Undergrad: 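Quick one: this structure, given as structure tokens, is what I'll be asking you about.
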Amino acid sequence: MLRQDSNDETEDVSLFDAEDEGTKAAKKKKIRHPIASFFHLFFRISAILVYMLSGFSSSFIACMVTIILLLSCDFWVVKNITGRLMVGLRWWNQVDDDGKSHWVYESRKAAQEKKSSSEAESRIFWLGLITCPIIWVILAFSSLLSFNLKWLAVVIMGVTLQGANLYGYIKCKVGSRKNLTSIATNYFGTQFLRQTFSRENQAES
């Protein structure tokens, strides 16, 4: 009877662990901030759609103002809200007591990120953040090749604003330039040591 009770307890723990793992997997796939996720894509996709459909409109000024407003709203929302909520990243400009301007790039700690991160939100965030600036770059080349110079300023604004958010969040994700340099140095150093040892082994054999 004692052995049977021990087996029952073991089975209960196993079932509890399985349920806990299933709950964690469901939380990772769940979108925790649906409103933020919606507006993360809404403004930037709307700006691209208005630009692509502007050929059907007779009012250039109305389309231009609408695109600029959408791009401005997208820049503010992505920079101040969606990055912090969806992936735990934040960047901003800070002026110290001496009047010098500094760019600050922050990322959520690893322990906190595991608790509050969602794979679905992370994919939505980075997909929208990377894809839309690439589309604006393609549209910029298209404007130049077609000599559609009146739209060039609007397209450059789209590249600039969305490219700035992309650059800022990449800096938050991978760290400062010093960290990037150290990572690259360590990588190339490791590759060099591997090649050296492999050549020595081949020479000995």
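These numbers were taken from a predicted model, which means no experiment stands behind them. Heavy atoms only: backbone and side chains are in, while hydrogens, waters and symmetry mates are out. Position 1 is the first residue of the sequence, and the numbers go up from there.
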Undergrad: What donor-acceptor contacts under 3.5 angstrom involve side-chain atoms of residues 56-64, with partners at least two apart or in another chain?
TA:
residue, atom, partner, partner atom, Å
Ser57, OG, Ser59, N, 3.3
Ser59, OG, Ala62, N, 3.3

Undergrad: Quick one, Val159 and Pro133 - any side-chain contact, counting heavy atoms below 4.5 Å?
TA: no
Undergrad: Is it possible for you to say whether Tyr167 and Val104 belong to one hydrophobic cluster, with membership spreading through side-chain heavy-atom contacts below 4.5 Å?
TA: no
Undergrad: Looking at residues at least two apart in the chain, or sitting in another chain, which of them share a side chain to side chain contact (heavy atoms under 4.5 Å, CB included) with Leu89?
TA: Val87, Ser107, Trp126, Tyr169, Cys172, Lys173
Undergrad: Might you work through the side-chain contact (heavy atoms from CB on, under 4.5 Å) test for Ile48 and Tyr51, ending with a clear yes or no?
TA: CA-CA 5 Å; Ile48 293 173; Tyr51 175 83; 5.7 Å; no
Undergrad: Report the distance from atom CD1 of Ile67 to atom CZ of Phe43, rounding to the nearest 0.5 Å.
TA: 15.0 Å
Undergrad: Taking all atoms of both residues into account, what is the closest heavy-atom pair of Asp96 and Lys100, and its distance?
TA: OD1-N, 2.7 Å
Undergrad: Going by heavy atoms in the side chains, are Trp76 and Leu161 under 4.5 Å from each other?
TA: no
Undergrad: Count I, L, V, M, F, W, Y as connected when their side-chain heavy atoms are under 4.5 Å apart, and connections chain through other members. Are Leu69 and Trp136 then in the same cluster?
TA: yes
Undergrad: If the condition is ring-ring contact (aromatic ring centres under 6.0 Å, His included), which residues does Tyr105 pass it with, not counting sequence neighbours?
TA: none
Undergrad: With a 4.5 Å limit on heavy-atom distance, are the side chains of Phe39 and Cys73 in contact?
TA: no
Undergrad: For Leu152, what residues pass the side chain to side chain contact (heavy atoms under 4.5 Å, CB included) criterion, not counting sequence neighbours?
TA: Ser143, Leu144, Leu149, Ile156
Undergrad: Does Arg44 use its side chain to pair, donor to acceptor, with the backbone of Gly128 at less than 3.5 Å?
TA: yes
Undergrad: Determine, step by step, whether Thr82 and Arg84 satisfy the side-chain contact (heavy atoms from CB on, under 4.5 Å) criterion, reporting the C-alpha distance in whole Å, the side-chain angles of both residues, the deciding distance to 0.1 Å, and the verdict.
TA: CA-CA 5 Å; Thr82 61; Arg84 177 173 53 85; over 6 Å; no
Undergrad: To the nearest 0.5 angstrom, please state how far the CG atom of Leu49 sits from the CG atom of Leu70.
TA: 9.5 Å
Undergrad: Side-chain contact test, heavy atoms from C-beta onward, threshold under 4.5 Å: evaluate it for Met86 versus Ile124 and give yes or no.
TA: yes
Undergrad: Before giving the answer on side-chain contact (heavy atoms from CB on, under 4.5 Å), spell out for Asp74 and Gln162 the whole-Å C-alpha distance, their side-chain angles and the decisive distance to 0.1 Å.
TA: CA-CA 8 Å; Asp74 170 74; Gln162 296 194 356; 3.6 Å; yes
Undergrad: Show which residues join Val95 in its hydrophobic cluster (side-chain heavy-atom contacts under 4.5 Å, direct or indirect), or state none.
TA: none
Undergrad: Any side-chain heavy-atom pair from Lys171 and Trp91 closer than 4.5 angstrom?
TA: no
Undergrad: Is there a donor-acceptor pair closer than 3.5 Å between any side-chain N or O of Ser122 and the backbone N or O of Glu119?
TA: no
Undergrad: Looking at every heavy atom in both Leu85 and Glu121, which two are closest together, and how far apart are they?
TA: O-OE1, 4.1 Å
Undergrad: Lys79 versus Trp92: any side-chain heavy-atom pair under 4.5 Å?
TA: yes
Undergrad: Do Ser118 and Arg123 come within less than 4.5 Å of each other through their side chains, counting heavy atoms only?
TA: no
Undergrad: Would you check if there is a donor-acceptor pair between the side chains of His102 and Asn93 at a distance under 3.5 Å?
TA: no
Undergrad: Same cluster for Phe75 and Leu127 if Ile/Leu/Val/Met/Phe/Trp/Tyr side chains link at under 4.5 Å?
TA: no
Undergrad: To the nearest 0.5 Å, tell me how far Leu139 CG sits from Asn148 CG.
TA: 10.5 Å
Undergrad: Distance from His40 atom NE2 to His33 atom NE2, nearest 0.5 Å?
TA: 13.5 Å
Undergrad: Tell me the closest heavy-atom pair linking Ser37 and Ile31, and the distance in Å.
TA: OG-CG2, 3.5 Å
Undergrad: Just jot down the side chain to side chain contact (heavy atoms under 4.5 Å, CB included) partners of Phe38, sequence neighbours excluded, or say none.
TA: Phe42
Undergrad: Looking only at heavy atoms, which two atoms of Ser146 and Ser142 are closest? And how far apart?
TA: OG-O, 2.7 Å
Undergrad: Could you tell me whether the side chain of Phe141 reaches within less than 4.5 Å of the side chain of Ile138, counting heavy atoms only?
TA: no
Undergrad: Taking all non-hydrogen atoms of both residues, which atom of Leu71 and which atom of Val154 are closest, and how far apart?
TA: CD1-O, 4.3 Å
